[in-house]
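Notes follow once the structure below has been shown.
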2 protein chains.
Amino acid sequence: MHDVAAHAGVSRGTVSRALNGTGYVSAEARARIEAAIAEVGYVRNNAARNLVMRKTWAIGFVVHEPHQLFLEDPNIGGILLGTNAVVAEADHQLVVLVVDSDDDAARVSSYLRGGFVDGAVLVSARSHDQVADAVEEIRLPAAFVGHPEGRPAIPYVGIDNRAAARTLTTRLRDTGRRRIGMLASALDRDSGADRLAGFRDALGPRFDEHLVVADPLYSYHAGVSTMTELLRRAPDVDGVFAASDAVAAGAIEALRSAGRTVPDDVGVVGFDDSAWALRCNPPLSTVHQPAAEMGRAAARLVLEQLEGRTPESVTLPTDVVWRDSA
Amino acid sequence: MHDVAAHAGVSRGTVSRALNGTGYVSAEARARIEAAIAEVGYVRNNAARNLVMRKTWAIGFVVHEPHQLFLEDPNIGGILLGTNAVVAEADHQLVVLVVDSDDDAARVSSYLRGGFVDGAVLVSARSHDQVADAVEEIRLPAAFVGHPEGRPAIPYVGIDNRAAARTLTTRLRDTGRRRIGMLASALDRDSGADRLAGFRDALGPRFDEHLVVADPLYSYHAGVSTMTELLRRAPDVDGVFAASDAVAAGAIEALRSAGRTVPDDVGVVGFDDSAWALRCNPPLSTVHQPAAEMGRAAARLVLEQLEGRTPESVTLPTDVVWRDSA
DNA sequence: TTGAAAGCGTTACCAG
DNA sequence: CTGGTAACGCTTTCAA
């Protein structure tokens, strides 16, 4: 920059102002500076710039469990693209950080603490999590995609689980299913409780507590066991709302074992539109997550904090995709 | 750091040496410094550190065409994980840069030029590419995953296309196929030419040039048109080596239109083990790319350049996965 | 084994 | 509108 200033016959201060478009610079000086920059082949040193500005112009995008997510979850890519679009628009750079082991968690945490980024989007973090701890402790502007419990300080982007569950269940009912059960999961979490609430909403007076079987986990195995139990309680069940696609996949397996066909004997719906949904036979009717929009919303949440505001969490509507399982 | 030094009763220089484990620091001083760090809650300012060290301890991972890759390609996740593992091991941080538009390409290029990273892994870059231009121009230590033409200055991690094609074709022959054709693609590129060479190797004297139909592109549509042409030339064809899974998918469609069944009438094999492979009906026999190992190798290539060496490009062996299409 | 001091390349304030 | 100057927080000689 010193050289540029010399070539242009101005001072470093003027070059800096010209570069940043801040303060006054005469058109003539600006022209000479631009010529000098080209001539000298100048590129600005960002370490120095970051040092004095106390900003890095970078936003972290932290992904946990990448084995699962990067390789299988079709939502993660959309979230990433959405976040990237908004962050780029704001002239920041998105830095994707992969947490693939405990070592990685430690490394990423210290990376965040190290001031390498001005903010962070946290995807699918668990509540008790080294990375989230670091974010909270250093008060790094951040947002979750998803809604971990017990992190009131960090806003999140969630989806309207209750409305989606309601839509799904209503359709199940409207397509002639008479005995509709639910395989609930994670009732101690918002997502699980809301999905049950939506199910209940849709059935109204016809809701029968007896037809809800719960399990703590959103897993394939949970689906197998809860479906088995549901069949025991109500052999004439003809519709099932599973709290996630994985649960639905397990349920379909259990139904097959019990000699029922899907969707003829029993209609099954899932939740998430994850990789399970298309892998199932028949493919699942399920709730599609607006991945890109979730990513964009999370990015906006972080950017707003960078501007000094304290935005509220966001809840996004979802689409239901009807495939063959119901 | 000033405060730490004061609390510990030493100078800043000593604190710095203690922190970096460089130079001499007495055990006593080190203990006092550590206590002071905890007391003050010190975390080092990396912008300042990077400024003086002229290093960022970050490696870029540049992904092009993410719509395609992030959402569909099962290899990209594995490559990312492999690269991350090696880079993390070397105490660097992987920074994933997504190129999703021309604007992104410009932004990522200037990010690389801006000295935010010490090196970069380039995934699936096209040869004529703004990002690769930038990398070459500023001589950033880098490595390609894949083998773009015309970038001799940048080493790459490729796979042994010829050997894989040989294996695939041999197996096709050994399972009783008598009239084996090839749907070749991109013969002007290494990958395309090598796959044809391997095909030729395997058939030896039985190779019949007449049964090779070529197209410039590795695409589904290329598969449809070349398969149609192959059927015209040799209606009795009973084995087909398609140069990619997408081509194979197109070929299967063309065969179906022509009333042939796969694999009974005609055995089909693809290449890449991409998302097409499992989506096809029947699922494709194809060549699986060692994604994680490719990522690791690319990371090593970059790290070695950081140490001042000039490593050679790497060619990795592949596995053939036999599914139902042949 | 330690301390002092000289940068590293910017930005930002303050006179002019 | 512009130039000078003081930080920004660290590493790294060089003496002691």
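Numbered from 1 within each chain, the chains take letters A, B, ... in sequence-line order.
- Atoms CE (Met53(B)) and P (dT13(D)) sit 11 Å apart, rounded to a whole Å.
- Out of dA12(C), dT11(D), dG9(C), the shortest distance to the side chain of Asn45(A) is found at dG9(C).
- With hydrogens and angles ignored, the 3.5 Å screen pairs no side-chain donor or acceptor of Gln289(A) with any backbone N or O of Ile159(A).
- Nucleic acid contact class of Met1(A) (heavy atoms, under 4.0 Å, all strands): base.
- Nucleic acid contact for Val43(A): sugar-phosphate only, since backbone atoms but no base atoms lie under 4.0 Å from a heavy atom of the residue.
- We find the CD1-OG distance between Ile33(A) and Ser26(A) to be 7.5 Å, quoted to the nearest 0.5 Å.
- For dT12(D), its base never sits under 3.5 Å from the side chain of Arg17(B) at any donor and acceptor pair.
- Between the CG atom of Leu19(A) and the P atom of dG9(C) there is a distance of 15 Å, given to the nearest Å.
- With rounding to whole Å, Glu28(A) atom CD is found 11 Å from dC1(D) atom C1'.
- With rounding to the nearest 0.5 angstrom, the CD1 atom of Ile154(A) is 11.0 Å from the NE2 atom of His147(A).
- For Asn20(A) and dT11(C), the shortest distance from a side-chain N or O to OP1 or OP2 is below 4.0 Å.
- Put simply, CZ on Arg49(A) is 13 Å from C1' on dA12(C), counting in whole angstrom units.
- Residue-level contact check: Ala29(A) touches the backbone only, with heavy atoms under 4.0 Å from sugar-phosphate atoms and none from bases.
- Counting only heavy atoms from C-beta on, Ser26(B) has its side chain closest to dT2(C) among dG7(C), dT2(D), dT2(C).
- For the pair His2(A) and Tyr24(B), nearest-nucleotide mapping onto DNA chain C gives the more 5' position to Tyr24(B).
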Let me see the working for Thr315(B) and Tyr156(B) under side chain to side chain donor-acceptor pair (under 3.5 Å), right down to the final yes or no. CA-CA 8 Å; Thr315(B) 297; Tyr156(B) 63 86; 4.7 Å; no

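- Contact check, Thr22(A) against dA12(C): no side-chain N or O comes under 4.0 Å of OP1 or OP2.
- The phosphate of dG9(D) has OP1 or OP2 within less than 4.0 Å of a side-chain N or O from Arg54(A).
- Under 4.0 angstrom from either OP1 or OP2 of dT10(C) there lies at least one side-chain N or O belonging to Tyr42(A).
- Leu51(A) has its CG atom 12 Å from the P atom of dT10(C), to the nearest Å.
- The residue Gly9(A) sits close only to the backbone: its heavy atoms come under 4.0 Å of sugar-phosphate atoms, none of a base.
- One N or O on the side chain of Asp118(A) and one on the backbone of Trp57(A) form a donor-acceptor pair closer than 3.5 Å.
- Here Ser11(A) does not reach the OP1 or OP2 of dT2(D): none of its side-chain N or O atoms lies under 4.0 Å away.
- Protein atom CG of Asp3(B) is 12 Å distant from nucleotide atom C1' of dG9(D), rounded to whole Å.
- Rounding to the nearest 0.5 angstrom, the gap separating the CD atom in Glu89(B) from the CG atom in Asp91(B) is 8.5 Å.
- Between the CZ atom of Arg12(A) and the C1' atom of dT5(D) there is a distance of 9 Å, given to the nearest Å.
- Close to dC10(D), at under 4.0 Å from its OP1 or OP2, lies no side-chain N or O of Arg44(B).
- Taking side-chain N and O atoms only, Thr14(A) has a distance below 4.0 Å to OP1 or OP2 of dG3(D).
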